[in-house]
Number of protein chains: 2
Amino acid sequence: MSVRRHIHTSGIPVLCVHCEARHRGVCGALDPDNLVGLAKTCSRRQIESGVELIGDAQAVDSYSNLLSGVVKLTKSLSDGRQQIVGLQFAPHFLGRPFKVESSINAEAVTAVTLCSFPRAAVERMMKGSPEFEHRLLKQTLNELDEAREWLVTLGRKTASEKVASFLLMIARNIDSSVDPVARSASFDLPLTRAEISDFLGITNETVSRQLTQLRADGVIRIENTRHVMVDSMSRLRSMAMPSLSQKTDSLDRL
Amino acid sequence: MSVRRHIHTSGIPVLCVHCEARHRGVCGALDPDNLVGLAKTCSRRQIESGVELIGDAQAVDSYSNLLSGVVKLTKSLSDGRQQIVGLQFAPHFLGRPFKVESSINAEAVTAVTLCSFPRAAVERMMKGSPEFEHRLLKQTLNELDEAREWLVTLGRKTASEKVASFLLMIARNIDSSVDPVARSASFDLPLTRAEISDFLGITNETVSRQLTQLRADGVIRIENTRHVMVDSMSRLRSMAMPSLSQKTDSLDRL
DNA sequence: CCAAAGCCCTGATTTCGGTCAATCAGCAAC
DNA sequence: GTTGCTGATTGACCGAAATCAGGGCTTTGG
């Protein structure tokens, strides 16, 4: 149908022409033919904050590109304790290849736009296009690096260092001024205090206290509990206690 | 030379014939031709406990298959705090593709056998053999799953749960009786108390206390500080507080 | 309007695990 | 033998963060 016929830009489906996933995501690996094939099976969806993406019927059997918004991945213990094991920002490829059942839950923490594909279509694409799998490998290696960075944070940092590290990570990912060595930054927190605490392995009370402390120290200002303005990125960085190695790391992430 | 000529087993280099990496590791992805090509460039090395693998000159520019022994990956903060972010058992492919500088250190924690390749040879192999990259993707996804499992442990478990979880993980990986639902197990700890504490984000004193507690409870016995006999795997499992999801997970790991 | 529910902040108290310190066993060097 | 070193264990004490509790603000819905 229309997806296939509207070919003006050297054979790229209209849906994909301005899509971030084609520029910075996995779809960049695909040539126009593959893109057309995949685009035929895709469906764009708007999802509101708080909706489960994996584990409910709709998405368990599909892969998606995250086109906008933020998704959290969580794991839970049987007694209710919860840990956020990943935060994903656009454009990110969602879904766990080669595994039927995942012990991980995914939930939209902001309004989210997805471009979803049937499981089978993506797996065919992976078989057919080495470059596609190559991108996936790169993304997975980056996720692994990030997870290991958080292992250090969870295992060896104090509460205040954890909160500072968290703010830096958010700033890196959703501040409008993308400069990694900026002097100041400003962004909306995608997570509630309780979610931040589940990310950092502390309680929401402790998160609250540490944010208050940072405000008292003049490092940040907060408006409407969600909007954070970092007045001194350098002080925030020093509070996050970055290792020397971490410093080099943050520069070539992304 | 000899590697190329000694072809008796349908073209497989002698070095590789009985190699675990060909059976359960990434080399299984290679056909005889590729295997011969790679084997020409490889060098087997014995490395003793305590030796740095990455960061010193010898290995920074190479990839390796871990054929025997255990390797720890660590990250450090500038003030000396350290966190183990990965433990790798044979047969595992070591090395971080697509990145010149890694902020991670690797060190042999037991005697180790490596089969090392020049960086360029492996990267050529990755380009040429999609199946090779596929295996690498699978391994990386498994590592990511494990890292996320440890995020839960570090962020949300108590000291005793951490130690119990650690023992279970070690048992899974190096117990002779590979049965995942065994009633008992027995193995040598590859890590010192201090290293275990760096793995779990606690102090070595706490590790020691938790181990004595487990001994007092009759869950384990310890000989020579390194050899652990788990008398009741079920009690150990319940002390690790596995989530329901974790249980399904441990079964299809590997 | 008021009520109820979330989310956030703050204070008081408790506790788990960290810190500091002593002791001991094993082992290598002299 | 002694000395010294490293790793493990145990105890006494302390402190950072958890727990418990109260109260404020906003939103939703009667």
Side-chain angles (χ1 to χ4, degrees), chain A residues 48-50 72 77 79-84 107 109-110 153-167 188-217 220-228 239 241, chain B residues 48-50 72 77 79-84 107 109-110 153-167 188-217 220-228 239 241:
Chain A
E48 59 190 355
S49 171
K72 70 171 175 183
L77 299 179
D79 61 359
R81 281 175 285 176
Q82 203 170 48
Q83 177 68 43
I84 295 184
E107 181 183 327
V109 290
T110 66
T153 302
L154 292 190
R156 286 307 184 195
K157 289 189 186 174
T158 66
S160 64
E161 289 164 352
K162 285 180 179 181
V163 172
S165 303
F166 173 77
L167 292 179
D188 280 329
L189 291 173
L191 304 181
T192 68
R193 303 292 188 268
E195 286 172 324
I196 296 173
S197 73
D198 281 343
F199 192 96
L200 297 175
I202 55 183
T203 61
N204 53 8
E205 291 95 329
T206 299
V207 172
S208 197
R209 280 186 251 269
Q210 295 303 332
L211 287 175
T212 310
Q213 188 59 47
L214 284 172
R215 217 168 346 131
D217 293 347
I220 63 172
R221 280 167 296 144
I222 301 183
E223 274 174 5
N224 300 323
T225 74
R226 284 292 190 126
H227 191 73
V228 175
M239 301 193 71
M241 274 239 115
Chain B
E48 58 190 356
S49 170
K72 71 171 176 184
L77 300 178
D79 60 359
R81 282 176 285 178
Q82 200 170 51
Q83 177 69 42
I84 295 184
E107 181 183 327
V109 291
T110 67
T153 302
L154 291 190
R156 286 306 184 197
K157 289 188 185 174
T158 66
S160 65
E161 290 165 351
K162 284 180 180 181
V163 171
S165 303
F166 173 77
L167 292 179
D188 280 330
L189 291 173
L191 304 181
T192 68
R193 303 291 187 269
E195 286 171 325
I196 297 174
S197 73
D198 280 344
F199 192 96
L200 297 175
I202 55 184
T203 61
N204 53 6
E205 291 96 330
T206 299
V207 171
S208 195
R209 280 187 253 269
Q210 296 304 332
L211 286 176
T212 30
Q213 187 59 46
L214 284 172
R215 218 165 349 130
D217 293 347
I220 62 172
R221 280 168 296 143
I222 302 183
E223 275 173 5
N224 299 326
T225 74
R226 284 293 189 124
H227 191 73
V228 175
M239 300 193 72
M241 275 241 114

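Both backbone and side-chain heavy atoms feed into the values below; hydrogens, waters and symmetry mates do not. Letters A, B, ... are given to chains in the order of the sequence lines, protein chains preceding strands, and every chain is numbered from 1.
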Per-nucleotide protein contact string for nucleotides 23-28 of chain D (B base, S sugar-phosphate only, - none; heavy atom under 4.0 Å)
------

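Checked against C:dA12, D:dT10, C:dG17, the side chain of B:Ala159 finds its nearest nucleotide in C:dG17. When distances are taken from the side chain of A:Thr212 to each of C:dC8, C:dT10, D:dA12, the shortest belongs to C:dT10. Nearest nucleotide to the B:Arg193 side chain, out of D:dA18, D:dA8, C:dC8: D:dA8. Of the candidate nucleotides D:dT19, C:dG18, C:dC9, C:dC9 has the atom lying nearest to any side-chain atom of A:Arg215. Comparing C:dA12, C:dT19, D:dA8 by their nearest atom to the side chain of B:Arg226 picks out D:dA8. Of the listed nucleotides (D:dT19, D:dA17, C:dG18), C:dG18 has the atom at the smallest distance from the side chain of B:Thr206.
Note on A:Ile202: only backbone sugar-phosphate atoms sit closer than 4.0 angstrom, heavy atoms only; bases stay farther off. Heavy atoms of B:Ser208 sit under 4.0 angstrom from at least one base atom.
We find that CD of B:Gln213 is positioned 14 Å from C1' of C:dG17, with the value rounded to whole Å. Regarding A:Glu205, its CD atom lies at a distance of 12 Å from the P atom of C:dT10, rounded to whole Å. In this structure, B:Leu211 places its CG atom 15 Å from C1' of C:dG17, rounding to the nearest Å. The interatomic distance linking A:Gln210 (CD) with C:dT10 (P) rounds to 12 Å, in whole Å. Protein atom CG of B:Asp198 is 14 Å distant from nucleotide atom C1' of C:dG18, rounded to whole Å. Between the P atom of D:dA18 and the CZ atom of A:Arg209 lies a distance of 9 Å, rounded to the nearest Å. Look at NZ on A:Lys157: it is 19 Å from P on D:dA16, rounded to the nearest Å.
End-to-end axis angle of the helix from C:dC1-D:dG30 to C:dC30-D:dG1, from C1' rotation axes over five pairs per end: 30° (rounded to 10 degrees).
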